[in-house]
Amino acid sequence: MLVISGVCAVLAGLVHVYIFFLESVAWTSPRVRRTFGIASESEAQVTRSLAFNQGFYNLFLAIGAILGVVLVVAGNGATGWTLVVFSTASMLGAAVVLAGTGRRYLNSAFVQGSLPLITLLFAFIGSTFTAA
């Protein structure tokens with residue numbers, strides 16, 4: 001169970017690295033503007049600094065989840081699982097907030113929050129059976 005949790009945490013981290021790329025690097029490209037519903041180049045320019053900042057939040061959460069798994073594999077389970085749970089819980093919380101923003105964001109919230117949710121569920125199940 002904990003292996004599944006670790007794999008999902010890494011995958012969630014990779015999704016958030018991709019989101020970082022979209023928001024902080026490629027924000028003004030036509031494809032990214034369409035993805036995020038940005039109507040024009042001028043709107044993308046106006047929101048660029050906000051997206052840039054938001055992208056780094058996603059990157060930091062990704063680093064936390066992936067580093068947590070690396071620490072677990074290296075034998076530092078307490079610190080590693082703490083990072084994994086904190087990072088993926090934050091990702092899931094952000095997805096819940098995004099879903100509450102409006103119906104048009106439900107798909108994005110699902111993409112952003114599915115792997116963190118699976119990570120947390122399997123971490124809980126795995127820790128319950130390990131502790132018993």
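What's counted below: heavy atoms across the whole structure, side chains too, no hydrogens, waters or symmetry copies. Note that this is a predicted model, so its numbers are computed, not measured.
- Among all heavy-atom pairs drawn from I38 and A44, the shortest one is CG2-N, 3.5 Å.
- With sequence neighbours excluded, the residues that form a side-chain contact (heavy atoms from CB on, under 4.5 Å) with L121 are L117.
- Cluster partners of L71, using a side-chain heavy-atom cutoff of under 4.5 Å among ILVMFWY residues and allowing indirect links, are L67, L83.
- Listed by first and then second residue, the side-chain hydrogen bond (donor to acceptor under 3.5 Å, both in side chains) pairs involving residues 78-89 are N76-T79 (not counting sequence neighbours).
- Atoms CZ and OG1, from R48 and T28 in turn, are 4.5 Å apart once rounded to the nearest 0.5 Å.
- M1 and L120 are members of different hydrophobic clusters when ILVMFWY side chains are connected at heavy-atom separations under 4.5 Å.
- Residues passing the side chain to side chain donor-acceptor pair (under 3.5 Å) test with Q112, sequence neighbours excluded: none.
- Between the S127 side chain and the F124 main chain, a donor and an acceptor come within less than 3.5 Å of each other.
- With side-chain heavy atoms closer than 4.5 Å counting as contact, directly or through intermediates, L50 stands alone and belongs to no larger hydrophobic cluster.
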With a 3.5 Å cut-off and sequence neighbours excluded, list the donor-acceptor pairs that the side chains of residues 89-111 form with protein atoms.
unit_1: S90; atom_1: OG; unit_2: F86; atom_2: O; d: 2.9
unit_1: T101; atom_1: OG1; unit_2: V97; atom_2: O; d: 2.9
unit_1: T101; atom_1: OG1; unit_2: L98; atom_2: O; d: 3.3

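- Residues passing the ring pair (Phe, Tyr, Trp, His ring centres under 6.0 Å) test with F20 are F56, sequence neighbours excluded.
- Residues passing the ring pair (Phe, Tyr, Trp, His ring centres under 6.0 Å) test with W27 are F36, sequence neighbours excluded.
- Hydrophobic cluster membership is shared by V84 and I66, with clusters built from Ile, Leu, Val, Met, Phe, Trp and Tyr side chains linked at under 4.5 angstrom.
- For S24 against G55, the heavy-atom pair with the smallest separation is OG-CA, 3.2 Å.
- Side chain of S5 to backbone of F122: no donor-acceptor contact under 3.5 angstrom is found.
- Taking S49 as the reference, nothing meets the side chain to side chain donor-acceptor pair (under 3.5 Å) condition, with sequence neighbours excluded.
- Residue pairs satisfying the salt bridge (charged side-chain N to carboxylate O under 4.0 Å, His left out) criterion with at least one member in residues 30-44, sequence neighbours excluded, are listed as follows: R33-E41.
- Evaluation of the side-chain contact (heavy atoms from CB on, under 4.5 Å) rule for V17 yields L59, A62 as partners, not counting sequence neighbours.
- Separating the CG atom in L22 from the OG1 atom in T35 is a distance of 6.5 Å, to the nearest 0.5 Å.
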